[in-house]
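Just so you know, ligand 1 is whichever comes first in the structure, and atom 1 is the first atom listed for that ligand.
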Amino acid sequence: MITEATTLLKQHFGYDSFRPGQEEIIINLLNSHRTMGIMPTGGGKSICYQIPSLMLPGITLVISPLISLMKDQVDELNEAGIAATFINSSLKNNEVNERLEQMKQGGYKLVYIAPERLETPSFLHALSQLHVSLIAVDEAHCLSQWGHDFRPSYMKIPNMIEQLHDQPTILALTATSTPEVTADICSALSINNDFLVKTGFARENLSFNILKGEDRDSYILDYVETNKGQSGIIYAATRKEVERLYTVLESRGISVGKYHGGMTNEERESMQELFVYDELQLMIATNAFGMGINKSNVRYVIHYQIPRNIESYYQEAGRAGRDGEESECILLFSPQDIRIQQFLIEQSTLHEGRKDNELRKLQAMANYCHTESCLQSYILDYFGDSIIEPCGKCIHCRDERDSEDVTTDAQMVFSCIKRMRENFGKTIVAQVLVGSGNKRVKDLSFHTLSTYGLMKDRTQKDVSQFIDFLIASQYVSLSDGSFPTLQLTEKAIQVLKGEIRVERKQETKKVTVVKSHPLFEKLRELRSSLAKDANVPPYVIFSDKTLNEMCAILPTNQSDMLKVKGVGEQKYEKYGNIFIKAISEFLEENPDIEKNNREYHTSPVIRNKNADVPISHSKTPSHFISSSLYKEGKTIKEIAEIRSITPMTVESHLLRAMEEGDELNLYSLVSDEDKDRISKSVELIGVEDGLRPIKEDLPEDISYFSIKIVLQQLATN
Ligand code: ADP
Ligand code: ZN
């Protein structure tokens with residue numbers, strides 16, 4: 001069964017293997033189990049019903065609220081040689097009837113509809129005469145009132161299903177679902193908990209970056225110039241800001257569009273279309289832009305201001321790299337923005353409980369900006385993912401700067417907070433520490449405290465930022481509400497007692513380099529002109545990922561071309577020769593280009609301010625550098641020192657190298673006693689819910705690293 005599915009995957013979509021979760025969902029469906037799939041954006045949800053639709057008799061009905069996407073999705077399927085159509089309000093009555101007639105004749109395997117269609121009796125009647133084998137409910141969180149996007153017409157779905165006389169199999173899909181929402185969906189669609197398939201929220205191809213203290217406009221101009229030819233989105237907080245940035249960029253001759261709530265529907269639609277069709281390189285938008293955009297080759301998303309919460313940030317930033325290619329998410333941070341967001345929340349008409357909740361969420365967003373640990377891990381932890389390891393590619397994981405011991409400074413801050421009875425906010429604590437003559441400080445007699453003026457050689461702003469760092473690193477916590485006060489956590493007490501030390505990265509110097517393969521531009525242009533002829537968006541022909549792979553493999557014959565991910569037989573027949581010809585021409589013009597040269601597309605790296613290291617991009621991926629040092633006999637600590645990275649990062653490198661087939665003897669790193677405890681715990685608890693329950697069951701000194709090593713060993717035995 002699954003071999004047939006794999007063959008179809010290759011034949012129609014040109015992919016060799018399934019992504020996490022896909023296979024399990026497909027097997028469930030082929031065995032007629034109602035299933036729910038929670039996968040991140042870009043995780044490949046569509047394949048989960050598209051492949052079964054080809055294997056099941058009858059029709060697969062796809063219910064989706066995103067009307068603007070349907071045409072593209074159907075075009076994409078038709079390109080891949082799959083008979084599909086859509087029925088929505090953009091069609092005239094006679095067109096709807098024609099398509100219904102075709103459905104009866106067995107003309108389509110897949111039919112996309114908007115949920116509102118289920119309120120049309122004539123449609124329901126037509127449906128009852130058909131054989132529907134599978135119903136895929138996309139954006140299934142719209143079914144729940146707890147979800148962030150409830151749609152009443154989704155409530156009609158269970159009813160409609162009941163009216164069909166052959167009971168179809170159901171697949172509910174979403175990228176965002178809290179446990180409450182999941183329970184709602186499963187109960188509405190009678191999905192058994194055993195058939196809930198959840199992959200993590202991690203997006204492995206995204207590198208997260210926060211830049212502080214940049215001149216934002218010149219940073220953006222620079223970045224857009226360096227990444228010419230790549231698609232990007234810039235999110236700004238207000239219409240006014242969008243207009244201003246748009247003017248700045250347009251006056252420099254940059255191919256840019258804009259999108260916000262103050263424009264007419266037509267203006268917005270036309271901008272969106274130009275962007276999707278690669279006619280515009282860059283889109284500047286408020287958060288109104290994005291829902292329902294399926295553009296897979298967005299290479300970067302820049303936030304000009306911080307969003308209100310991590311949910312919005314991850315959703316917006318997550319529009320980068322849906323094709324799985326390396327992409328960047330950059331947040332340009334200014335502390336002022338937090339105050340503006342706070343002000344907006346306080347001024348809003350929300351009731352007090354909701355306000356506090358929003359302020360808490362904003363604080364989590366602020367902590368994201370001040371943390372010096374892995375950014376991807378921070379986000380995953382926020383969403384309750386269980387497997388959390390440094391990603392190895394965010395700005396903090398790539399940070400090659402040395403750390404400084406700042407324990408003494410931290411102790412000064414903590415004792416000041418303590419002397420002020422943990423009853424005051426950040427601003428006044430910083431004022432007391434720098435010895436400010438501020439009236440409020442005097443009125444409260446804080447100038448008589450022994451900690452008054454302890455840090456008088458610093459500016460108030462420096463001290464304030466240092467406190468932000470201590471909050472983000474969980475030494476200091478904040479009370480709820482509009483005027484949060486600072487409290488010491490257990491960790492801070494340990495620092496005060498001298499039991500643990502505090503480290504912080506030195507000041508930064510930033511370097512940005514991104515370059516794309518010289519052939520890429522040529523293939524991109526070819527793709528654009530083919531797309532125009534076929535009147536489809538360019539990514540429907542081939543994704544950026546596929547073009548990049550062509551640049552790496554440089555296929556000049558049929559069998560090599562078919563090895564490229566994304567080139568199936570159907571696509572090969574249509575476009576294979578044209579692309580082979582372009583690649584052959586390019587090789588003739590550039591005889592020095594090597595095959596399998598994957599060094600292009602690199603990311604910003606930050607280094608010590610004073611270290612004058614030349615910018616060189618090693619061809620060996622970072623995790624393999626760590627693993628070869630390990631094989632030379634270096635310990636994890638030594639590797640961390642040699643490479644100026646944290647031991648945690650080295651551990652994640654070693655695991656990754658091992659997963660990718662490097663033979664490393666990591667098993668010997670775990671003591672026999674720990675191996676025993678971990679195996680027992682795994683046996684007792686299982687791995688269905690990830691590693692967190694296992695970790696929690698074990699003594700605290702047993703790390704995720706040890707658990708993963710033992711699991712790997714158990715899996716290969
Ligand atoms: P989602 O709906 O989950 O956001 P899509 O279904 O749009 O994601 O898929 C995202 C991208 O991943 C698409 O370009 C798709 O062709 C690609 N993709 C899906 N499954 C696979 C796979 N097994 N191997 C490689 N690429 C895949
Ligand atoms: Zn990271």
Any salt bridge linking Lys295 with Asp544? Criterion: basic side-chain nitrogen under 4.0 Å from a carboxylate oxygen.
no
Look at atom CD of Gln474 and say whether more than 12 heavy atoms of other residues, nucleotides or ligands are closer to it than 6.0 Å.
no
Does Thr41, backbone or side chain, put an N or O under 3.5 Å from an N or O of ligand 1?
no
Enumerated ligand 1 atoms positioned under 4.0 Å from heavy atoms of Pro40:
3 (O)
Using the six-membered ring wherever Trp is involved, compare the ring planes of Phe542 and Phe579 and label them parallel, tilted or perpendicular (cut-offs 30° and 60°).
perpendicular
Nearest protein heavy atom with distance in Å, relative to atom 10 (C) of ligand 1:
Arg322 O, 3.3 Å
Looking only at heavy atoms of Arg19, does any of them come nearer than 4.0 Å to an atom of ligand 1?
yes
Distance filter under 4.0 Å to Phe18 heavy atoms, resulting ligand 1 atoms:
23 (N)
Any residue meeting ring pair (Phe, Tyr, Trp, His ring centres under 6.0 Å) with Phe201, in chain and number order, not counting sequence neighbours:
Phe383
N/O to N/O below 3.5 Å, does that happen between Ser296 and ligand 1?
no
Which residue owns the protein heavy atom closest to atom 8 (O) of ligand 1, what's the atom, and how far is it?
Gly44 N, 3.3 Å
Which ligand 1 atoms, with their elements, are less than 4.0 angstrom from a heavy-atom of Ile47?
19 (C), 20 (N)
Quick one, Glu24 and Ile27 - any side-chain contact, counting heavy atoms below 4.5 Å?
no
Nearest heavy atom to atom 20 (N) of ligand 1, choosing from Gln22, Glu23, Glu76, Arg319, belongs to Gln22
So for ligand 1, is Gly42 a polar contact partner (N or O within less than 3.5 Å, distance only)?
yes
Could you label the plane-to-plane angle of the Tyr300 and Tyr223 rings as parallel, tilted or perpendicular, counting under 30° as parallel and over 60° as perpendicular?
perpendicular
Polar contacts were defined as any N/O atom of the residue lying under 3.5 Å from an N/O atom of the ligand; does this apply to Lys45 and ligand 1?
yes
Evaluate whether atom CD of Glu204 has more than 12 neighbouring non-hydrogen atoms of other residues, nucleotides or ligands under 6.0 angstrom away.
no
closest protein heavy atom to atom 14 (O) of ligand 1 is Tyr15 OH, 4.1 Å
Regarding Lys708 and Glu389, does a basic nitrogen lie under 4.0 Å from an acidic carboxylate oxygen?
yes
Applying side chain to side chain contact (heavy atoms under 4.5 Å, CB included) between Ile47 and each of His12, Glu23, Gln22, report the one that passes.
Gln22
Closer than 2.8 Å to the Zn ion (ligand 2) - protein N, O or S atoms, ordered by chain and residue number:
Cys374 SG, Cys391 SG, Cys394 SG, Cys397 SG
If you measure only the distance, is there a donor-acceptor pair under 3.5 Å linking the side chains of Thr3 and Thr6?
no
Looking only at side chains, do Asp323 and Ser543 share a donor and an acceptor under 3.5 Å apart?
no
Side chain to side chain contact (heavy atoms under 4.5 Å, CB included) partner of Ile639, chosen from Val650, Thr649, Ile625:
Val650
In terms of residue, atom name and distance, what is the protein heavy atom nearest to atom 6 (O) of ligand 1?
Ser46 OG, 2.6 Å
Regarding ligand 1, does Ser17 bring an N or O atom to under 3.5 Å of one of the ligand's N or O atoms?
yes
Check whether any side-chain heavy atom of Leu562 lies under 4.5 Å from a side-chain heavy atom of Ser559, and answer yes or no.
no
